Amino acid sequence: MSAIIDIQNVSFRYNERDILKNISLTVEAGDFVAVLGHNGSGKSTLAKHLDAILVPSEGKVLIGGLDTSVDSNLEAIRRRTGMVFQNPDNQIIATVVEEDVAFALENLGVPREEMVKRVDEALDAVGMLEFKKHATTKLSGGQKQRIAIAGVIAMRPDVIVFDEPTAMLDPQGREDVINIAKKLNGQGITVIYITHYMEEAAQAKRVVVLNDGEILIDGTPHYVFQNAGLLKSVGLDVPQSTSLMFLLRSRGIKVPLAVLNEEECVSVLTDILHERTGNK
């Protein structure tokens, strides 16, 4: 394993305000990192540094060893890193689904036969192949976000950065997008997933929490969400299952705090019930 993202002492200022403050972070190839933080914590600013949309005021960002501040590296960096934004309408350009997914490939001069293959593979990956001839304007918000993701997948990047991709979606749309991100990660793509939904972050392999432009805590979801007091002190929450464990602890019931989802929660509660009733 090697670091595909290497953020070295990065600070970023905008209108004389420090948005990022001396951040250092490495991400290994194939990792799935969720980034949490309240509004204004620097999450989206950090995301834009990974595709060289922004460059540091101080420090360096290396993507696959390429410095984002070097203009001659930009094309290679943007081939390696794809971005999925919060509002799919800002990312969809064409009026027909397959044309939109093919847009970036056309700009790169990908041969037509290869382009058609990639478009079909990308649409199939997000469950939208049957919509390839549909008008993009007639899709739901969740479907549009899938098309935006397909456009990125077709580029075959090493890294995909999801910048709050479910913020404008309903619960089913949110579930679809996080499942696609997990599927892509399972295929070896490095995923950076910026979100304000705790249950989404809990499904990552690693969670990084930003507060006021600095890294507050970094570790596995189980480690990060055990620090509920720290998270709540900066206006963040924990998954509902974790909150329940803290409540039970406060009532004197011995339960693990590192419980992140419904399945783990049911297992713990079942064990407690069996222990108290003497059943197995």
Side-chain angles (χ1 to χ4, degrees), residues 1-8 10 23-38 41-44 46-47 49-51 61-65 80-84 125-126 145 149 152-153 156-167 174-211 214-228 230-231 234 236-243 245 256-268:
M1 300 287 285
S2 59
I4 194 165
I5 296 171
D6 187 5
I7 300 170
Q8 303 175 359
V10 165
I23 285 181
S24 291
L25 183 70
T26 59
V27 177
E28 303 297 316
D31 208 349
F32 187 154
V33 180
V35 180
L36 286 173
H38 56 73
S41 62
K43 303 188 304 296
S44 291
L46 179 63
H49 276 76
L50 302 181
D51 196 30
V61 175
L62 306 179
I63 305 298
R80 299 195 72 171
T81 306
M83 293 281 294
V84 178
V126 299
Q145 194 62 288
I149 295 170
V152 172
I153 294 172
R156 296 184 177 173
D158 299 315
V159 179
I160 298 181
V161 180
F162 293 82
D163 187 6
E164 299 202 44
T166 63
R174 292 200 298 269
E175 183 178 351
D176 289 344
V177 171
I178 187 67
N179 285 338
I180 290 170
K182 289 162 64 178
K183 177 182 175 182
L184 293 171
N185 181 246
Q187 296 169 353
I189 294 175
T190 305
V191 171
I192 308 297
Y193 197 93
I194 295 169
T195 182
H196 60 267
Y197 291 107
M198 302 300 126
E199 281 72 19
E200 291 182 351
Q203 298 180 60
K205 297 175 184 176
R206 175 182 173 193
V207 177
V208 175
V209 180
L210 294 184
N211 180 59
E214 300 177 295
I215 295 176
L216 179 70
I217 189 170
D218 176 3
T220 66
H222 286 96
Y223 170 74
V224 168
F225 289 122
Q226 283 184 67
N227 291 274
L230 177 63
L231 297 177
V234 296
L236 297 177
D237 210 336
V238 295
Q240 290 183 347
S241 297
T242 310
S243 290
M245 295 302 109
L257 296 180
V259 173
L260 301 178
N261 54 52
E262 291 181 8
E263 291 76 13
E264 292 179 359
C265 188
V266 168
S267 177
V268 168

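The figures that follow rest on heavy atoms only: side chains count, while hydrogens, waters and symmetry mates do not. All values reported here derive from a predicted model rather than from experimental measurement.
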### Message
I'd like to know if the side chain of Thr190 and the backbone of Gly30 have a donor-acceptor N/O pair within less than 3.5 Å.
### Response
yes
### Task
Look up atom CG in Leu216 and atom CG in Leu36, then write down how far apart they are to the nearest 0.5 Å.
10.5 Å
#### Entry: CA sep, side-chain torsions, deciding dist, call: Val33, Leu25, side-chain contact (heavy atoms from CB on, under 4.5 Å)
CA-CA 11 Å; Val33 180; Leu25 183 70; 5.7 Å; no
### Summary
dist Asp237:CG -> Tyr197:OH (nearest 0.5 Å) comes out at 13.5 Å
## Note on the structure
Value for CD1 (Ile192) from CD1 (Ile4), rounded to nearest 0.5 Å, stands at 9.0 Å
### Message
With heavy-atom distances below 4.5 Å as the criterion, would you say the side chains of Pro165 and Val177 are in contact?
### Response
yes
### Query
Have Gln187 and Asn185 got a donor and an acceptor in their side chains that come within less than 3.5 Å?
no
### Task
Supply the atom-to-atom distance Met83 CE to Ile194 CD1, rounded to the nearest 0.5 angstrom.
7.0 Å
### Side-chain heavy-atom pair Met245, Val268 within 4.5 angstrom cut-off
yes
### Query
Which heavy atom of Thr26 sits nearest a heavy atom of Ala3, and at what distance?
CB-CB, 4.3 Å
### Query
Closest approach of Arg80 and Gly64, non-hydrogen atoms and distance?
NH1-CA, 3.3 Å
### Message
Tell me every residue that passes salt bridge (Lys or Arg N to Asp or Glu O under 4.0 Å) with Arg174, counting only those two or more places apart in sequence or in another chain.
### Response
none
### Query
Would you say Glu199's side chain and Gln240's backbone share a donor-acceptor pair under 3.5 angstrom?
yes
### Message
Taking the side chain as everything from C-beta on, heavy atoms only, tell me whether Phe32 gets closer than 4.5 Å to Val27.
### Response
no
## Note on the structure
So CD1 of Ile189 and CG of Asp158: to nearest 0.5 Å the spacing works out to 8.5 Å
### Task
Sort out for me which residue in Glu200, Glu164, Lys43, Gln203 forms a side chain to side chain donor-acceptor pair (under 3.5 Å) with Thr195.
Glu200
### Message
Using every non-hydrogen atom in the two residues, find where Val224 and Asp218 come nearest and quote the distance to one decimal.
### Response
CG2-C, 4.3 Å
### Message
Nearest 0.5 Å, please: how far is CD1 in Ile153 from CD1 in Ile160?
### Response
5.5 Å
### Exam field: side chain Asn227 to backbone Tyr223, donor-acceptor pair closer than 3.5 Å
yes
### Task
Start with the C-alpha gap between Ile5 and Leu62, add the side-chain angles, then the distance that decides, and say whether side-chain contact (heavy atoms from CB on, under 4.5 Å) holds.
CA-CA 6 Å; Ile5 296 171; Leu62 306 179; over 6 Å; no
#### Entry: side-chain contact (heavy atoms from CB on, under 4.5 Å) assessment of Ile149 paired with Val152
CA-CA 5 Å; Ile149 295 170; Val152 172; 5.6 Å; no
### Query
With a 4.5 Å limit on heavy-atom distance, are the side chains of Asn211 and Ser41 in contact?
no
## Note on the structure
Sorted by chain and residue number, the side chain to side chain donor-acceptor pair (under 3.5 Å) partners of Ser24 (sequence neighbours excluded) come out as Asn9
### Message
Salt bridge or not between Lys205 and Asp31? Use side-chain N to carboxylate O under 4.0 Å.
### Response
no
### Message
Can you confirm whether Ile7 sits close enough to Leu46 that some side-chain heavy atom of one is under 4.5 Å from a side-chain heavy atom of the other?
### Response
yes
### Message
Just to verify, what does Ser44 make a side chain to side chain donor-acceptor pair (under 3.5 Å) with, not counting sequence neighbours?
### Response
Asp163
### Query
How far apart are the C-alpha atoms of Tyr193 and Val84, what are their side-chain angles, what is the distance that settles it, and do they pass the side-chain contact (heavy atoms from CB on, under 4.5 Å) test?
CA-CA 10 Å; Tyr193 197 93; Val84 178; over 6 Å; no
#### Entry: Distance-minimising heavy-atom pair for Ile178 and Glu175
CG2-O, 3.2 Å
### Task
Measure across Pro221 and Arg206 and return the closest heavy-atom pair with its distance rounded to 0.1 Å.
CD-N, 4.1 Å
### Query
How close do Ala201 and Phe225 get, heavy atom to heavy atom, and via which atoms?
CB-CZ, 4.1 Å
